[in-house]
Amino acid sequence: MDRADHPFMQIDQFCVAHEPAAGRVDTDAGITADSISLVHMRAQLENLALFGFATDVGDPREMFETFVAVVNEQCGGVRGRMIELHTIEYDPVNPEVEAQMNAGCIQAIEDLNGVILLNTSGFQGSATLCIVEDHETAFITVQPMSDEFMQRGQDRLVITTLTSEESLSWLALDLIAQGALDGKTIGVAAPTTPGQYEAVEVGLVQTLRDNGANVAVFDTIQCDGRVCAGGVSESVQNLRDAGVDVFFNVLNTLSAPGYIQEMVNQGFQPGDVQFYASDFNSQATELVSSKIAVFGGEAAGALYNGAIILDSRDTGSYRLEGYQPKAFNEMCNDTYGANSPSGANHESEDRYDGNSRYGMAVSVCETLRMAFRAIYDAGDNPTRADIYAALANLGAVDSNEMHPASIRPGKTRLPDVIHNLRFEVPCTKPYPFPVDGLEGGVCLYPINEYRPTPG
């Protein structure tokens with residue numbers, strides 16, 4: 001990664017003061033001679049506490065505002081244009097959340113003239129297409145998206161993780177390449193959630209079958225809103241009848257615990273089945289995977305113990321001997337800590353009690369740096385189209401935990417590498433993710449080195 005003297009690519013500071021462009025003029029909606037409009041789309045994650053899914057991520061709104069203030073007050077904006085940051089919030093537990101997000105899309109672009117929209121707290125559904133397709137506006141998010149959405153976004157949709165289909169197909173291809181599925185009898189139970197069943201069928205099951213793997217059971221689990229429970233008992237019986245010894249967990253947070261609990265009820269014992277997963281339905285996060293033990297019970301946790309999960313992130317690496325915080329992560333948190341109005345100052349060690357404040361600060365830093373790089377690279381008087389073209393051509397980018405990542409036309413998801421994580425309950429490593437009523441907690445941690453993505 002050639003950082004040269006780029007004001008938004010240095011590893012030891014968030015931005016560098018630089019001369020304003022001469023002859024600046026208004027060029028496009030949201031781009032005046034002296035300012036440019038960005039919009040932070042924020043899910044009110046604190047509301048998830050009502051359902052037992054809240055985690056301490058600090059104050060993302062203040063994080064966005066702090067990094068923008070540093071750019072405006074210490075670095076002269078971007079080529080002399082000050083960043084106007086707006087925030088739109090929506091409630092992730094509201095039954096009408098998709099309508100809220102679609103309304104937020106319209107407000108962000110039609111009312112606030114947002115040139116780039118950013119999200120680090122989850123954003124999905126048709127509102128994504130409202131942004132990138134209907135309004136032809138760039139959107140940078142941490143949310144996995146489907147291949148279809150990425151294609152329809154025409155390089156305006158940037159995600160920091162794998163696409164939904166990639167996370168499934170690459171899991172299959174990686175295991176096949178390792179010989180891990182040789183002679184195994186495989187089971188898959190896919191949710192009927194619109195778009196998810198199709199992704200599982202094409203991305204996972206078809207890839208397995210095309211490569212000679214024995215998928216003996218491929219069932220559908222009927223969903224009622226967020227909970228998928230219809231046909232679980234029958235599906236688990238199918239696993240027993242087929243002698244399945246490998247199961248791919250593609251169910252969501254509220255559904256996987258019940259399915260695995262039913263496996264326990266029907267006599268499955270630890271060691272009978274090897275579980276595999278990816279970040280499809282967020283199973284590569286400890287907050288989600290831990291719910292198998294929380295909601296499914298200790299026996300379900302014991303059955304799922306040892307699950308292998310494929311992902312691009314370095315979840316739990318701080319638990320391993322010799323871990324050192326990465327330079328980019330430290331720079332991001334040091335910048336926030338030195339400038340936050342509240343005095344918040346997050347350190348790598350904060351993660352030891354299971355919170356995500358340190359990681360959230362890096363996610364905010366990561367997404368904003370991409371936006372600022374694109375605006376800067378687009379020149380002295382860019383249009384929106386100029387900025388979007390620059391965004392799609394950033395090349396190598398800084399990522400959370402500094403795993404290799406890049407953007408190019410036709411590839412606007414960041415990760416260039418994958419590796420495997422192990423799920424453990426109870427956790428055998430230091431600093432377990434705490435779970436009420438479960439001694440030892442749970443944890444995810446890497447078990448092998450990064451390797452190039454199959455793509």
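What you see below is based on every heavy atom in this structure, not just the backbone, and it leaves out hydrogens, waters and symmetry mates.
- Checked by atom type, the side-chain pair E98/Y90 shows no donor-acceptor distance below 3.5 Å.
- Side chains of Y259 and S235: a donor on one and an acceptor on the other come within 3.5 Å.
- Side-chain atoms of Q107 and H86, non-hydrogen and from C-beta on, never get closer than 4.5 Å to each other.
- Between the side chains of H135 and E110, a donor-acceptor pair is found at a separation under 3.5 Å.
- Checked by atom type, the side-chain pair N252/Q196 shows no donor-acceptor distance below 3.5 Å.
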Pair V397, R373 - check side-chain contact (heavy atoms from CB on, under 4.5 Å), show working.
CA-CA 10 Å; V397 296; R373 276 185 62 186; 3.6 Å; yes
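- Side-chain contact between M331 and D398: absent, with no pair of heavy atoms (C-beta onward) separated by less than 4.5 Å.
- Not one N or O on the side chain of T383 forms a donor-acceptor pair closer than 3.5 Å with the backbone of D28.
- For the atom pair CE of M1 and CE of M9, the computed distance is 4.0 Å after rounding to the nearest 0.5 Å.
- Within 6.0 Å of CD in Q274 there are more than 12 heavy atoms belonging to other residues, nucleotides or ligands.
- Residue S121 comes nearest to V142 through the heavy atom pair N-CG2, 4.1 Å, listed as atom of the first residue, atom of the second, then distance.
- With hydrogens and angles disregarded, a donor-acceptor distance shorter than 3.5 Å links the side chain of R369 to the backbone of F14.
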Run the side-chain contact (heavy atoms from CB on, under 4.5 Å) test on N333 and V362 for me, step by step, so that the C-alpha distance in whole Å, both residues' side-chain angles and the decisive distance to 0.1 Å come before the verdict.
CA-CA 7 Å; N333 275 278; V362 182; 3.4 Å; yes
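- Neither side chain, Q143 nor N119, offers a donor N or O lying under 3.5 Å from an acceptor on the other.
- Listed for the N355 side chain is a donor-acceptor partner under 3.5 Å among the backbone atoms of D350.
- Between K326 and E366 there is no salt bridge, since no side-chain nitrogen of the basic residue lies less than 4.0 Å from a carboxylate oxygen of the acidic one.
- No donor-acceptor distance shorter than 3.5 angstrom exists from the side chain of D314 to the backbone of S317, with no hydrogens or angles considered.
- Rounding to the nearest 0.5 Å places CG of L117 at 11.5 Å from OG1 of T367.
- S399 places a side-chain N or O within 3.5 Å of a backbone atom of H403 that can act as its donor or acceptor partner.
- When all heavy atoms of V115 and Y388 are compared, the pair lying nearest together is O-OH, 2.6 Å.
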Residue pair N113, S37: steps toward the side-chain hydrogen bond (donor to acceptor under 3.5 Å, both in side chains) verdict
CA-CA 6 Å; N113 289 320; S37 175; over 6 Å; no
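- Counted by atom type alone, E349 and Y318 present zero donor-acceptor pairs between their side chains at under 3.5 Å.
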Are N420 and N448 close enough, and set up right, to give a side-chain hydrogen bond (donor to acceptor under 3.5 Å, both in side chains), and what steps lead you there?
CA-CA 6 Å; N420 295 112; N448 48 33; 2.9 Å; yes
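- Taking all atoms of both residues into account, the shortest heavy-atom contact from T66 to P341 is OG1-CD, 3.4 Å.
- A donor-acceptor pair under 3.5 Å is formed between the side chain of R384 and the backbone N or O of A29.
- Within 6.0 Å of CD on E96 lie no more than 12 heavy atoms contributed by other residues, nucleotides or ligands.
- The shortest distance between side-chain heavy atoms of D91 and Q100 falls below 4.5 Å.
- Here R3 does not pair with D12 in a salt bridge; the nearest charged N to carboxylate O distance is not below 4.0 Å.
- The nearest pair of heavy atoms linking P415 to T161 is CD-O, 3.6 Å.
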Taking it one step at a time, do V132 and Q154 satisfy side-chain contact (heavy atoms from CB on, under 4.5 Å)?
CA-CA 8 Å; V132 300; Q154 297 184 4; over 6 Å; no
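- Side chain of T412 to main chain of L157: a donor-acceptor pair is present (N/O by atom type, distance under 3.5 Å, no hydrogens or angles).
- Aromatic ring centres of F248 and F218 lie farther apart than the 6.0 Å criterion allows.
- Of the possible donor and acceptor atoms, none in the side chain of E262 sits under 3.5 Å from a partner among the backbone N and O of V232.
- With a 4.5 Å cut-off on side-chain heavy atoms, Y304 and V425 do not count as touching.
- The minimum heavy-atom distance linking C228 with P191 is given by the pair SG-CB, 3.8 Å.
- Taking the six-membered ring for Trp and thresholds of 30 and 60 degrees, F275 and F247 have ring planes more than 60 degrees apart, a perpendicular arrangement.
- Screening N400, D279, T285, T160 against R313 for a side-chain hydrogen bond (donor to acceptor under 3.5 Å, both in side chains) leaves a single residue, D279.
- Considering only heavy atoms from C-beta on, Q13 stays 4.5 Å or farther from V70 through its side chain.
- For the side-chain hydrogen bond (donor to acceptor under 3.5 Å, both in side chains) with E133, the qualifying choice from R152, R156, Q151 is R152, the only one to do so.
- Listed for the K291 side chain is no donor-acceptor partner under 3.5 Å among the backbone atoms of A293.
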Begin from the C-alpha positions of N339 and Q74 and carry the test side-chain hydrogen bond (donor to acceptor under 3.5 Å, both in side chains) through to its verdict.
CA-CA 11 Å; N339 297 279; Q74 300 178 24; 2.9 Å; yes
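- Here the side chains of I31 and I387 are in contact, with some heavy-atom distance below 4.5 Å.
- A donor-acceptor pair shorter than 3.5 Å can be found between the side chains of D416 and S406.
- The ring of F67 has its center no closer than 6.0 angstrom to the ring center of F372.
- No side-chain donor from either of N329 and S348 sits under 3.5 Å from a side-chain acceptor of the other.
- Here the straight-line distance linking atom OG1 of T120 with atom CD1 of I140 works out to 11.5 Å at 0.5 Å rounding.
- Rounding to the nearest 0.5 angstrom, the gap separating the CG atom in L204 from the CD atom in E165 is 11.5 Å.
- Distance check: R351 CZ to Y431 OH gives 11.0 Å after rounding to the nearest 0.5 Å.
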Stepwise side-chain contact (heavy atoms from CB on, under 4.5 Å) test for I36 and V78
CA-CA 9 Å; I36 185 165; V78 183; 5.8 Å; no
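- Between N281 and V250, the shortest heavy-atom contact is ND2-O, 2.8 Å.
- Paired with Y445 under the rule side-chain hydrogen bond (donor to acceptor under 3.5 Å, both in side chains), one option of R319, E424, K429 passes, and it is E424.
- Side chains of E286 and C427 form no contact here, defined as non-hydrogen atoms less than 4.5 Å apart.
- Atom CD1 of residue I83 and atom SG of residue C75 lie 11.0 Å apart, to the nearest 0.5 angstrom.
- F8 is not listed as a side-chain neighbour of D377, based on a closest heavy-atom distance of 4.5 Å or more.
- Put simply, the side chain of N345 never gets that close to the backbone of E347: no donor and acceptor are under 3.5 Å apart.
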